[in-house]
4 protein chains.
Amino acid sequence: MSNLNRIFLMGNLTRDPELRYTPSNVGVATFGLAVNSNVGKDADGNRKTEVLFVDIIAFGKQAETIAQYCKKGTPLFVEGRLRLRTWEDKDGNKRSKHEVVLNAFQFIGGANNNIKDDIKLPEDDEDVPF
Amino acid sequence: MSNLNRIFLMGNLTRDPELRYTPSNVGVATFGLAVNSNVGKDADGNRKTEVLFVDIIAFGKQAETIAQYCKKGTPLFVEGRLRLRTWEDKDGNKRSKHEVVLNAFQFIGGANNNIKDDIKLPEDDEDVPF
Amino acid sequence: MSNLNRIFLMGNLTRDPELRYTPSNVGVATFGLAVNSNVGKDADGNRKTEVLFVDIIAFGKQAETIAQYCKKGTPLFVEGRLRLRTWEDKDGNKRSKHEVVLNAFQFIGGANNNIKDDIKLPEDDEDVPF
Amino acid sequence: MSNLNRIFLMGNLTRDPELRYTPSNVGVATFGLAVNSNVGKDADGNRKTEVLFVDIIAFGKQAETIAQYCKKGTPLFVEGRLRLRTWEDKDGNKRSKHEVVLNAFQFIGGANNNIKDDIKLPEDDEDVPF
DNA sequence: TTTT
DNA sequence: TTTT
């Protein structure tokens with residue numbers, strides 16, 4: 001049975017990607033992503049903000065491309081699936097951690113962003129619709 | 001700055017939803033979801049399978065509807081955003097946990113939809129958020 | 001340059017799927033999907049409703065599975081990309097039409113899943129594409 | 001009955017946005033979006049490419065922000081729902097057209113894209129996974 | 001051309 | 001009608 005599991009994130013790397021290789025020589029890159037959300041207002045009408053931190057794991061050529069071009073701070077669009085990784089720590093305790101297995105990505109931002117000249121991008125103040 | 005954070009899951013409840021209310025009387029439902037994925041084959045050509053377990057949190061009328069109609073095993077489609085909740089445990093250690101804040105949902109399910117007995121599904125009256 | 005193009009639809013088949021084969025014997029199924037949305041209320045407070053009709057095109061094993069199990073009315077979850085198909089009509093006029101190229105699907109449906117009679121749903125053996 | 005209808009697009013404006021206002025003074029912006037996809041290879045091993053052209057319609061403050069900051073060529077991320085608009089043309093013929101009703105958007109690209117210095121972004125040669 |  |  002295969003159910004649906006799809007996640008879309010746009011954020012910034014929280015650290016430089018680490019690239020390793022499996023014994024069969026497949027690249028594996030891991031990095032953190034920070035995703036900011038506007039999340040309504042509090043009782044006093046002040047904008048509330050929320051930051052999601054997640055680890056991303058990429059494989060193969062995608063891992064290598066990301067390791068080559070991204071660093072701490074790079075804005076990135078990531079599509080993937082959410083995974084729960086489980087293991088035992090040194091004391092024999094069960095641990096688990098959610099992470100995103102990357103499926104596709106896009107560099108966002110580029111030399112020429114093609115915004116109309118002489119205007120600054122607005123503060124992004126759209127609330128997340130949920 | 002508001003970035004993109006969207007997740008789509010189709011799976012089954014791992015336990016009955018718990019419904020609570022905030023001091024201002026907003027319903028809050030929490031439940032677990034199990035999402036199965038087929039994830040290629042192993043070296044011997046055997047299908048590999050992966051199960052994601054995540055906690056889902058729903059608010060307001062959606063919380064109440066889910067608590068009313070769903071139970072352990074109910075298949076459900078969930079859309080939301082991934083959130084990292086952080087707190088301190090009793091020993092003063094920082095803990096954190098990923099969970100999904102529900103935005104929209106759909107009852108699904110084939111022959112056996114596993115909805116609580118003897119109740120009819122509601123008119124679907126959630127507005128599209130846009 | 002490859003940009004993002006992803007669409008998620010849940011609706012009902014508007015007609016039985018048609019299955020054809022390419023010269024190289026790849027299955028191609030086409031069918032219509034109707035997707036209903038609640039879309040706010042009108043001035044008088046009456047719920048407004050909107051129906052999207054789109055054509056879906058599926059290839060390969062997925063085309064065959066859909067043709068085998070679905071018929072007019074079957075509820076279906078579809079993921080894919082939006083495509084603009086262009087051609088010339090008999091008068092030499094340029095015509096074009098948006099349709100969805102299927103990437104993944106799930107059988108859904110509540111009490112009545114509207115699957116063709118007397119057939120069991122297949123083991124779901126589509127691999128997650130990542 | 002409200003089904004799922006969600007579309008995610010990343011592309012470039014094909015023309016400057018047009019901004020109009022409803023009688024009740026709600027902004028309405030329309031613009032075209034071009035979305036490129038890599039779509040496998042042809043028989044000779046040459047990369048195949050596909051361009052989607054769609055019209056996008058935005059309302060309210062979002063309409064105004066887009067009209068203010070975007071122009072032909074601007075890269076944009078768009079989330080919304082697919083809609084089939086139907087009307088009668090001057091000859092009394094039924095016409096219809098798919099378009100995307102915008103729900104959320106992001107400017108992609110910015111003054112500082114934070115890519116490692118002195119390297120050019122790669123040719124994007126990842127195939128779309130479907 | 002249209003589904004529940 | 002089309003963008004990079």
Side-chain angles (χ1 to χ4, degrees), chain A residues 106-115, chain B residues 106-109 113 120-125, chain C residues 1-5 9-18 30-38 49-56 70-78 84 86 93-99 107-115, chain D residues 1-5 9-18 30-38 49-56 70-78 84 86 93-99 107-109 113 120-125:
Chain A
Q106 297 284 339
F107 297 112
I108 54 188
N112 170 20
N113 64 8
N114 234 323
I115 294 288
Chain B
Q106 298 283 340
F107 297 112
I108 52 175
N113 63 9
K120 260 192 25 231
L121 279 175
E123 290 301 301
D124 183 336
D125 61 358
Chain C
M1 222 291 212
S2 177
N3 289 332
L4 178 78
N5 179 346
L9 300 172
M10 230 157 110
N12 300 78
L13 298 225
T14 57
R15 56 182 195 272
D16 293 350
E18 282 174 63
T30 50
F31 57 96
L33 199 73
V35 181
N36 304 284
S37 296
N38 292 327
T49 245
E50 185 181 291
V51 191
L52 162 69
F53 296 103
V54 233
D55 281 346
I56 314 285
C70 299
K71 60 176 185 183
K72 188 176 179 173
T74 304
L76 202 68
F77 171 88
V78 162
L84 183 63
T86 54
N93 297 118
K94 285 198 169 160
R95 305 286 319 271
S96 68
K97 184 173 163 312
H98 285 105
E99 60 193 15
F107 298 112
I108 51 176
N112 172 20
N113 62 9
N114 235 321
I115 293 288
Chain D
M1 221 292 211
S2 177
N3 289 333
L4 178 78
N5 181 347
L9 299 172
M10 229 157 112
N12 301 78
L13 298 225
T14 58
R15 57 182 197 271
D16 292 352
E18 282 175 65
T30 49
F31 57 95
L33 199 72
V35 180
N36 303 285
S37 296
N38 292 326
T49 245
E50 186 182 289
V51 191
L52 163 69
F53 296 103
V54 231
D55 280 346
I56 315 285
C70 299
K71 60 177 185 183
K72 188 175 180 175
T74 303
L76 203 67
F77 172 88
V78 163
L84 183 63
T86 53
N93 297 119
K94 286 198 169 159
R95 306 287 316 273
S96 69
K97 185 172 160 314
H98 286 103
E99 59 193 14
F107 297 113
I108 54 185
N113 63 9
K120 262 192 20 229
L121 281 175
E123 291 301 301
D124 183 336
D125 60 359

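Every chain is numbered from 1, with letters handed out A, B, ... down the list of sequences. It should be emphasised that the depicted structure is a prediction, and the values quoted were computed from it without experimental measurement.
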In whole Å, what is the span from the [atom1] atom of [X] to the [atom2] atom of [N]?
X: C:Glu18; N: E:dT2; atom1: CD; atom2: C1'; answer: 14 Å
X: D:Phe53; N: F:dT2; atom1: CZ; atom2: P; answer: 7 Å
X: C:Leu76; N: E:dT2; atom1: CG; atom2: P; answer: 21 Å
X: D:Asp55; N: F:dT2; atom1: CG; atom2: P; answer: 13 Å
X: D:His98; N: E:dT2; atom1: NE2; atom2: C1'; answer: 12 Å
X: D:Leu52; N: F:dT4; atom1: CG; atom2: P; answer: 16 Å
X: C:Leu13; N: E:dT4; atom1: CG; atom2: P; answer: 10 Å
X: C:Arg15; N: E:dT3; atom1: CZ; atom2: C1'; answer: 11 Å

Output all residues satisfying side chain to side chain donor-acceptor pair (under 3.5 Å) with D:Glu50, sequence neighbours left out; order by chain, then residue number.
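D:Glu50 satisfies side chain to side chain donor-acceptor pair (under 3.5 Å) with C:Arg81 once adjacent residues are dropped.
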Donor-acceptor pair present, C:Asn12 side chain and E:dT2 base, under 3.5 Å:
no
Classify the side chain of D:Asn3 and the base of E:dT4 as holding, or not holding, a donor-acceptor pair under 3.5 Å.
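Per atom types, no contact qualifies.
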Evaluation steps, side chain to side chain contact (heavy atoms under 4.5 Å, CB included), between D:Glu99 and D:Thr30:
CA-CA 10 Å; D:Glu99 59 193 14; D:Thr30 49; over 6 Å; no
Nearest to the side chain of C:Leu84, which nucleotide is it out of F:dT2, F:dT1, E:dT1?
F:dT2
Of the listed nucleotides (E:dT2, F:dT1, F:dT4), which one gets closest to any side-chain atom of C:Thr14?
E:dT2
May I ask you to say what C:Val35 touches in the nucleic acid, namely base, sugar-phosphate or nothing, with a heavy-atom cut-off under 4.0 Å?
nothing
Of the non-hydrogen atoms in C:Ala34 and C:Val51, which two are nearest, and what is the gap between them?
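Heavy atoms of C:Ala34 and C:Val51 come nearest at CB-CG1, 4.2 Å.
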Mind listing the closest non-hydrogen atom pair of C:Gly32 and C:Asp55 along with its distance?
CA-OD1, 3.6 Å
